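In listed order, ligands and their atoms are each counted from 1. What you see is a predicted model, and the numbers here were worked out from it, not measured in a lab.
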Amino acid sequence: MAETLLRGADVVVTMDDAGTELARADVLIRDGVIAAVGQGLTTTGTSHNVAGCVVTPGLINTHHHLYQTLTRAVPGGQDALLFGWLRTLYPIWSRFGPEEMFVSAQVGLVELALSGCTLTADHLYLFPNGARLDDTIAAAGDIGLRFHPTRGAMSIGESSGGLPPDSLVEREDAILNDCIRVIDAFHDPRPGAMVRVGVAPCSPFSVSRDLMRDAALLARDKGVMLHTHLAENDEDVAYALAQFGCRPGQYAEDLGWTGADVWHAHCVKLDAAEIDLFARSGTGVAHCPCSNCRLGSGIAPVRAMLDAGVNVGLGIDGSASNDAGNLIAEARQAMLLQRVSLGADKMSARAALRLATRGGAAVLGRDDLGQIAVGKRADLAVWDVTGIESAGSWDAAALVLAGPVRVRELFVEGRQIVGDGRMLTVDIAALIARQNGLARALCS
Ligand SMILES: [Zn+2]
C-alpha cells in the first residue's frame, strides 16, 4: 500500500459541486486514489510539506496537436488565417516521421505538465513516413501524463477539392482499419485509465461525409469517444454552407456527431440553435481561447454555452497556432475573452479554473477526475504562491488572475511527475536539444 501525504496546503481547491475550498488542509493519496482530505491527516508513507501552496485538481487539456511543437512560429504562418496557415504548414508536416512525432509530443507533454496539466487529449491526423499514433502514446507513457490520444485522419486531398496535399491524405478503409488497431491495442475503458483512444477525422473540410458517418459507427461499436474540429471561424462555416448546404451543427447531427460521447474543438461560431443542440445532446466543446485569438477566429460564446448547460473544457490547440502550451494560461485567457466580450462579471477566475478541471473531465467522460474528493484519482497540481507573482494576494483566485504559471509539484495517479518545479521523468535539456536538431533539419 503506497501512501503520499500533501501536508499543510494554504488552500485546497477541491472543485466539488459546492466549490469547497479548505484552508490549511492536507490531502492523503493511497494507491493512486485520494483517500482523505482535511486537517490533521497522518501517514506512514511519504510526506510533502506544501505550506505556502495552493493545491488544485490536475488541469485537463481537451484539445491539442502535440506534433506541432516542432513548427512553432513558422514565418509564413505567423499572420495567416486558418486556411492560409494550414497551406503554409502542410508541406513541412509532410516531412515528419516517427521520431518527429515522438519528440515533439514529449516537448508538448512537458510544457503541459509544468503548467499543471495531468490529463491531455491529443488530435493526431497525419501519419507521414511511417508515423503512427503509437509514437505519441509511447511519449506520454515516458512522461507519465494521463493521455487520450485520438486517431485523426484526412482523406480529401487537393486533387479532390480538399485543402491538404495528396501526400498527407489516407485511404478511408485504411483509416478505419488503423482506428480499430489502435483502439484494440491501447484503449482502456476502466476507471483510472491512463490511456483512452478516440476516433477523430480532422475536420469536415478534410474528410468525406461517408468517413464522418463510418467513424461515428465505429466509435460507438467500440465504445470510444468521437472528436473533430467544428465551426472554427467564418471560413469554416461558409465551407459547410457551400459544400453541405447546412451549418456545421446540422452537419454534425446528420452524421451522428452529437451526444455525450462526442466533443468538438473550437465551436467559435455556434449559433443559438447549435448551442441548444449541444446542450440537449450532451455534446462537449473544447474551447481554445489563445488559438482562437492567434488565428483571429473570434470569441467563442462560452458564457452562452455554460448557461445552456453545454459541457465546456479548455484546449491548447496545436503549438503552431498558440504557440505556447501553458494550460493555466488558457484558463486566464478564457476568462479575459468572456470579459472583453460581455463584461467583467461574466466569467470569474474560479469559473475559469472550473473549466480547466471539472469542465475538461466532463467533456472527456472522466467522472473519476477533475476534483479533489475521496475516491477520485490522485491527479493533483501544487502551486507555490510564495513567489513574486503572487506577492500581495490572499485569495486562491490569484492563481488565474496573477500566477504562478508553473507548478511546484504535480502528481498523476499518485505518482510524482514534477518536483520542486522540475520534471522528474525526463531530461529536459536533452529533449530540447533533440527537438531543436529535428527543427533545424525541417527548416533546412
Ligand atoms: Zn485543433
Quiz item: Does a side-chain N-to-carboxylate-O contact under 4.0 Å join Asp184 and Lys222?
Solution: yes

Quiz item: Salt bridge between Arg146 and Asp188, side-chain N to carboxylate O under 4.0 Å?
Solution: no

Quiz prompt | Under 3.5 Å: donor-acceptor pair, side chain of Glu253, backbone of Gln250 | solution = no

Quiz prompt | Cys288 backbone or side-chain N/O/S under 2.8 Å from the Zn ion (ligand 1) | solution = no

Quiz prompt | Asp317 atom (N/O/S) at minimal separation from the Zn ion (ligand 1) | solution = OD1

Quiz item: How open is the angle at the Zn ion (ligand 1) from atom NE2 of His63 over to atom NE2 of His65, rounded to 10 degrees?
Solution: 100°

Quiz item: Hey, which N, O or S atom on His229 ends up closest to the Zn ion (ligand 1)?
Solution: NE2

Quiz item: Parallel, tilted or perpendicular for His264 and Trp257, by the 30°/60° rule?
Solution: tilted

